[in-house]
Amino acid sequence: MQSNNSKTYELVLTALFVAIIVVMASTPLGYIPLVVINATTLHIPVIIGSLFLGPKKGACLGGVFGITSFIKSSLTPTPSAFAFSPVAALTMLPHDTVGQAMALVFKSTFIAIVPRILIGVVPYFVYVGIKKAISSEKKLAYGSVINVLISFIMGFGVFAFFNKMISEGKVGFSVTTAQVIGAVVGIAVFAAIEYLFMNKDAKALGFITAGISGAMTNTLLVMGSIYAFYRIPYSEVLQIDPSALMGVIGGIISFNGVIEAIVGAVIVYLVGIVLDKIKPAGVYSGKKNIKVDTVAGTDSVQKMAQ
């Protein structure tokens, strides 16, 4: 059975994360200025909540994030607010029948809520998977795949950041130099991750990977859903041909998405290693009399869930 102290801890932590999400959504704290972009950080409390409270509470936190997006887009609509608010969609987009109106409500609600709910689910299972993979017999195979993927994301993110600055005339070096810097960062990250694998430091690697996966879940699903549901109206907002929208979305994913993934990885790691000293990440309260595998300390430790 789960102790009263553990229940109280989870309740307090859940309330704290909800408050953080609401405050960040209502203030500039939800964005970090990075010279050429404002990287959103609203998904980070959801990711951390998922790791320490489990996928169910993480999904609830993601839902709170989605609701704040829904409310903000409804109260202070931008030209693309229809993608996140049924209210804005019904106001800004044509609909001649009840069926068309219902379709708009479904599409906007889906984009605002569902990807954000999954931010609170995906990182938990990624973290648990990393912990298991790093101690399995196929550690080298799993490690190679994870290592290459993370190193590419980090290196490409650095290149995209400097390339954007070059295109806007904010730095004086060439694109080739930016490519070299990105490659150096990618190699350095590869070496660091290799070190983590060889020393079985699964916590650090798990937090970094969870941060990346949560951020990319948000970016890929939101932008992919916008393309699937609102390709034409979104193209009109951007004043481009609908056939060019895929390229624009690809650019957003490869730049904003990757930068936000890097920011998420760093912050989730820094906060995670602190909270992990209070309660191990990757453990949550399931149904009564069901055991859940812990992923802190040793591989075989188990804890009775509520």
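Remember, predicted model here, so these are calculated numbers, not experimental data. As a basis for the values below, the full set of heavy atoms in this structure was taken, side chains included, without hydrogen atoms, waters or symmetry mates. Numbering starts at 1 and runs along the sequence shown.
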- Here the pair of heavy atoms bringing I20 nearest to P45 is CG2-CG, 3.7 Å

- Note on the structure: Grouping ILVMFWY residues whenever side-chain heavy atoms fall under 4.5 Å, the cluster of L75 otherwise contains I67, F70, I71, I113, I117

- In this structure, which one of V122, V128, V121 forms a side chain to side chain contact (heavy atoms under 4.5 Å, CB included) with Y124? V128

- Over all atoms of both residues, closest heavy-atom pair of I273 and K277: O-CG, 3.5 Å

- Taking all non-hydrogen atoms of both residues into account, name the closest pair between G49 and F17 and its distance. CA-CE1, 3.7 Å

- Task: Verify the cluster assignment for V268 and L149: are they in a single hydrophobic cluster under the rule of side-chain heavy atoms below 4.5 Å apart?
- Result: yes

- What closest approach, in Å, do A25 and K72 show between heavy atoms, and which atom pair accounts for it? O-NZ, 3.7 Å

- Task: For residues 207-220, pull every pair meeting side-chain hydrogen bond (donor to acceptor under 3.5 Å, both in side chains), keeping only residues two or more places apart or in separate chains.
- Result: R116-N218

Scan the side chains in residues 85-93 for donor-acceptor partners under 3.5 Å anywhere in the protein, sequence neighbours excluded, and list what turns up.
{"from": "S85", "atom 1": "OG", "to": "S74", "atom 2": "OG", "distance (Å)": "2.5"}
{"from": "S85", "atom 1": "OG", "to": "V87", "atom 2": "N", "distance (Å)": "3.3"}
{"from": "S85", "atom 1": "OG", "to": "A88", "atom 2": "N", "distance (Å)": "3.1"}
{"from": "T91", "atom 1": "OG1", "to": "V87", "atom 2": "O", "distance (Å)": "2.8"}

- Query: S50 side chain to V46 main-chain N or O, any donor-acceptor pair under 3.5 Å?
  - Reply: no

- Item | Cluster link V248 to I232, ILVMFWY, side chain under 4.5 Å | no

- Message: With ring-ring contact (aromatic ring centres under 6.0 Å, His included) as the rule and sequence neighbours excluded, what pairs involving residues 225-250 come up?
- Response: F82-Y230, F110-F229

- Note on the structure: Nearest heavy-atom contact between A178 and I166 is CB-CD1, 3.9 Å

- Query: So do L245 and I240 actually touch side chain to side chain, heavy atoms under 4.5 Å?
  - Reply: yes

- Task: Under the side chain to side chain donor-acceptor pair (under 3.5 Å) rule, collect the residues that match up with S243, sequence neighbours excluded.
- Result: D241

- Task: Rounded to the nearest 0.5 Å, what's the gap from CD1 on I21 to CE on M24? Could you check?
- Result: 8.5 Å

- Verify same cluster id: V12, L51 (apolar side-chain graph, 4.5 Å): no

- Task: Starting from the C-alpha separation in whole Å, work towards a yes-or-no answer on side chain to side chain contact (heavy atoms under 4.5 Å, CB included) for Q179 and V175.
- Result: CA-CA 6 Å; Q179 292 173 339; V175 174; 4.1 Å; yes

- Message: Hydrophobic clusters here meaning ILVMFWY residues chained together by side-chain heavy-atom distances under 4.5 Å, can you tell me if Y269 and V185 are in one?
- Response: yes

- Task: Take F84 and V222 through the test side chain to side chain contact (heavy atoms under 4.5 Å, CB included) and record every step on the way to the result.
- Result: CA-CA 9 Å; F84 303 98; V222 168; 3.8 Å; yes

- Which hydrophobic side chains are connected to M102, either touching it within the sub-4.5 Å cutoff or through other members that do? V98

- Task: Treat each ILVMFWY residue as a node, draw an edge where side-chain heavy atoms are under 4.5 Å apart, and state whether I259 and L270 are in one component.
- Result: yes

- For the pair I44 and V271, evaluate side chain to side chain contact (heavy atoms under 4.5 Å, CB included) and give the outcome as yes or no after the intermediate values. CA-CA 10 Å; I44 293 177; V271 176; over 6 Å; no

- Task: Could you tell me the separation between the CG atom of L61 and the CG atom of L13, rounded to the nearest 0.5 Å?
- Result: 8.5 Å

- Item | Rounded distance (nearest 0.5 Å) linking atom OG of S235 with atom CD1 of I226 | 11.0 Å

- Query: Taking atom CD of E236 and atom CG of L238, what is their separation to the nearest 0.5 Å?
  - Reply: 10.5 Å

- Task: To the nearest 0.5 Å, tell me how far E260 CD sits from I253 CD1.
- Result: 11.0 Å

- Distance col, row I119:CD1 vs M216:CE, nearest 0.5 angstrom, shows 12.0 Å

- Note on the structure: Nearest heavy-atom contact between H43 and A215 is NE2-CB, 3.5 Å

- Query: Going through the checks in order, is the side chain to side chain contact (heavy atoms under 4.5 Å, CB included) test met by I181 and V158?
  - Reply: CA-CA 7 Å; I181 294 174; V158 171; 3.8 Å; yes

- Task: Verify, without hydrogens or angle tests, whether K279 (side chain) and F52 (backbone) share a donor-acceptor contact under 3.5 angstrom.
- Result: yes

